[in-house]
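By convention in this document, chain letters (A, B, ...) are assigned in the order of the sequence lines, proteins followed by strands, and residues within each chain are numbered from 1. Basis for what follows: all heavy atoms, side chains included, without hydrogens, waters or symmetry-related copies.
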Amino acid sequence: MNELVISDRVLAWFAHHGRRGLPWQVLRTAYRVWVSEIMLQQTQVQTVLRYFPPFVERFPNVTALARADLDEVLRLWSGLGYYARARNLHRTARILVNEYDGNLPLDHERLQCLPGIGRSTAGAILALASDQRHPILDGNVKRVLCRHQAIEGWPGHARVTKHLWQLADEYTPHQHSVAEYTQGIMDLGSMVCTRVRPRCGACPLRADCRAHAQARVNDFPEARPRRGLPLRRTTFVVVRRPDGCVLLERRPTVGVWGGLWSFPECSSEKDAKDWCLRRFGQRPAVSLRLPLKRHRFSHFHLEISPIVLDIAAPQRCVMEVDSVLWYKGGESKIGGLPAPVAGLLNGLLPNS
DNA sequence: TAAGCGTGGTT
DNA sequence: TAACCAAGCTT
């Protein structure tokens, strides 16, 4: 088997050990492959399995997605993270309806012009849904290539990335079975050529793997250069009315949790009380400090001080003004909530 | 070019 | 625990 070219060895391995039966593999339309590829960006399969079925059930095709409100799309995306993906998915669906008769263009250049679709996602859509010959380069493929060719340097470095794309292209079969090879090389990376303790004994590429030959499998791929993560502190102001409704506001599109609903933020507890006084003309009757919550983001740590301000003035139960609303669990068609905000709400709302 | 973008799994 | 990473893309 080792005299076979790489793609044939991957295909043979895939035929016996490949991963099958994932929801986007069973009913493999271009739309479902697209949605799954977007969800799978920087996100593990196990996580996507919880989000993909409800999403495609509510939005079974491009038209359904394009017709929906962005808020509803974000609601089904809540907790998945990287919310720009959801905004781009929605925006692209509307472009497809307006310019492509509701279909994804099965064209490498045109796909990459659509929001949220880069080179790898375009390649994956075309390879998996259309069997066209285009390489992909995700984390799994990078790891396989880095080890097989003993590539030095961090894969995120531009020079290394360029090299990896070249290799990914060379490894892709020219004549047939591009879809299966693409699935196979990813499965190989996720099931055999794993980040820690790879199962080299089960690898069809072991015979000519340079990292294995040098007994340096653990040296590849090189880790990202380290930086200390800065700590940001913020205060979540939970303004609560006597009926239990809390004030939420839509966050700006840019920045963390863009376009999602969250609590107003202040720089300190004192600022929060001053802000409450200015906004509602009263000092809160009760102020309750909740435990600090630390959150880890890719580029910083966030320390949240949640403070609950109970105000006395009765106001209309449902106030929806563009980007501000009083929220009481359940009945409202609330848009997307960041996971930490959803967690806080669960502990605060009376009927949840 | 490199920083910014979320959350959960793993060690 | 804290660091690292995951079916990357955008600006």
Side-chain angles (χ1 to χ4, degrees), chain A residues 19 22-25 32-52 74 77-89 91-92 111-125 127-129 135-144 146 154-162 164-165 168 182-191 193-197 218 221-232 251-260 262 293-302 336-343:
Chain A
R19 198 165 185 182
L22 294 171
W24 47 91
Q25 296 175 323
R32 290 165 63 92
V33 169
W34 169 46
V35 171
S36 71
E37 286 300 326
I38 300 299
M39 284 190 173
L40 285 161
Q41 289 170 1
Q42 301 289 284
T43 306
Q44 297 185 345
V45 171
Q46 187 178 345
T47 303
V48 172
L49 283 175
R50 298 197 298 270
Y51 284 82
F52 181 83
L74 287 170
W77 207 273
S78 289
L80 194 52
Y82 282 143
Y83 298 96
R85 294 182 296 174
R87 294 195 301 275
N88 286 334
L89 205 60
R91 197 149 71 93
T92 291
L111 276 178
Q112 288 182 71
C113 291
L114 296 167
I117 300 181
R119 182 173 178 184
S120 190
T121 299
I125 292 171
L128 297 174
I136 62 162
L137 192 59
D138 67 353
N140 290 313
V141 177
K142 284 177 184 172
R143 193 167 51 252
V144 172
C146 281
W154 175 52
H157 198 75
R159 185 188 60 80
V160 181
T161 299
K162 184 177 178 182
L164 290 172
W165 270 113
T182 300
Q183 197 67 64
I185 191 74
M186 284 192 287
D187 289 353
L188 190 63
S190 69
M191 300 166 67
C193 196
T194 51
R195 192 166 64 86
V196 292
R197 284 191 286 281
N218 291 317
E222 203 168 288
R224 165 195 293 269
R226 304 200 173 176
R227 310 184 283 289
L229 296 184
L231 175 65
R232 297 187 196 170
R251 297 178 61 89
T253 304
V254 294
V256 173
W257 300 330
L260 275 70
S262 182
K293 304 189 82 156
R294 291 280 293 260
H295 291 278
R296 213 179 54 250
F297 290 90
S298 302
H299 294 80
F300 61 94
H301 290 286
L302 184 64
L337 294 170
V341 174

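Atom-to-atom, CD1 of A:Ile136 to P of C:dG8 comes out at 9 Å; the value is rounded to the nearest Å. Here the P atom of nucleotide C:dC9 and the CH2 atom of A:Trp34 are 14 Å apart, to the nearest Å. C:dG8 atom C1' lies 7 Å from atom NZ of A:Lys142, rounded to whole Å. As rounded to whole Å, 7 Å separates atom P of C:dA3 from atom CG of A:Leu229. Atom-to-atom, CG of A:Leu40 to P of C:dA7 comes out at 9 Å; the value is rounded to the nearest Å. The CH2 atom of A:Trp154 sits 12 Å away from the P atom of B:dT1 (whole-angstrom rounding). For the pair A:Arg119 CZ and C:dA7 C1', the interatomic distance rounds to 16 Å; values are reported in whole Å. Rounded to a whole Å, the CZ atom of A:Arg143 is 10 Å from the P atom of C:dC5.
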Q: Carefully, step by step, assess A:Trp34 and A:Leu89 under the rule side chain to side chain contact (heavy atoms under 4.5 Å, CB included).
A: CA-CA 9 Å; A:Trp34 169 46; A:Leu89 205 60; 3.3 Å; yes
Q: I would like to know whether A:Leu302 and A:Arg294 meet side chain to side chain contact (heavy atoms under 4.5 Å, CB included); could you show each step before the answer?
A: CA-CA 6 Å; A:Leu302 184 64; A:Arg294 291 280 293 260; over 6 Å; no
**Q.** Steps toward side chain to side chain contact (heavy atoms under 4.5 Å, CB included) verdict (A:Phe52, A:Leu80)
**A.** CA-CA 10 Å; A:Phe52 181 83; A:Leu80 194 52; over 6 Å; no
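With sequence neighbours excluded, the residues satisfying ring pair (Phe, Tyr, Trp, His ring centres under 6.0 Å) with A:Phe297 are A:Trp257, A:Phe300. Listed by chain and residue number, nothing satisfies the salt bridge (charged side-chain N to carboxylate O under 4.0 Å, His left out) test with A:Arg87 (two or more places apart in sequence, or in another chain).
Here A:Trp77 lies out of heavy-atom contact (under 4.0 Å) with every strand. Using a 4.0 Å heavy-atom cutoff across all strands shown, A:Gln112 reaches no nucleic acid atom at all.
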Q | Nucleotide-resolved protein contact map, nucleotides 2-10 of chain B, B/S/- at heavy-atom distance under 4.0 Å | A | --BBBBBB-
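When each of A:His301 and A:Val45 is assigned the nucleotide of DNA chain C with its nearest heavy atom, A:His301 is the one assigned upstream, toward the 5' end. Along DNA chain C, the nucleotide nearest A:Leu114 and the nucleotide nearest A:Arg19 are compared for position; the residue whose nucleotide lies closer to the 5' end is A:Arg19.
Regarding contacts with the backbone of C:dC9, a side-chain N or O of A:Thr121 is found under 4.0 angstrom from either OP1 or OP2.
Rounded to the nearest Å, the gap between the P atom of C:dA2 and that of B:dG6 is 23 Å. The gap from the P atom of C:dA7 to that of B:dT1 amounts to 25 Å, rounded to the nearest Å.
There is no side-chain donor-acceptor pair under 3.5 Å between A:Arg85 and A:Asn88.
A heavy-atom distance below 4.5 Å is found between the side chains of A:Pro23 and A:Leu49.
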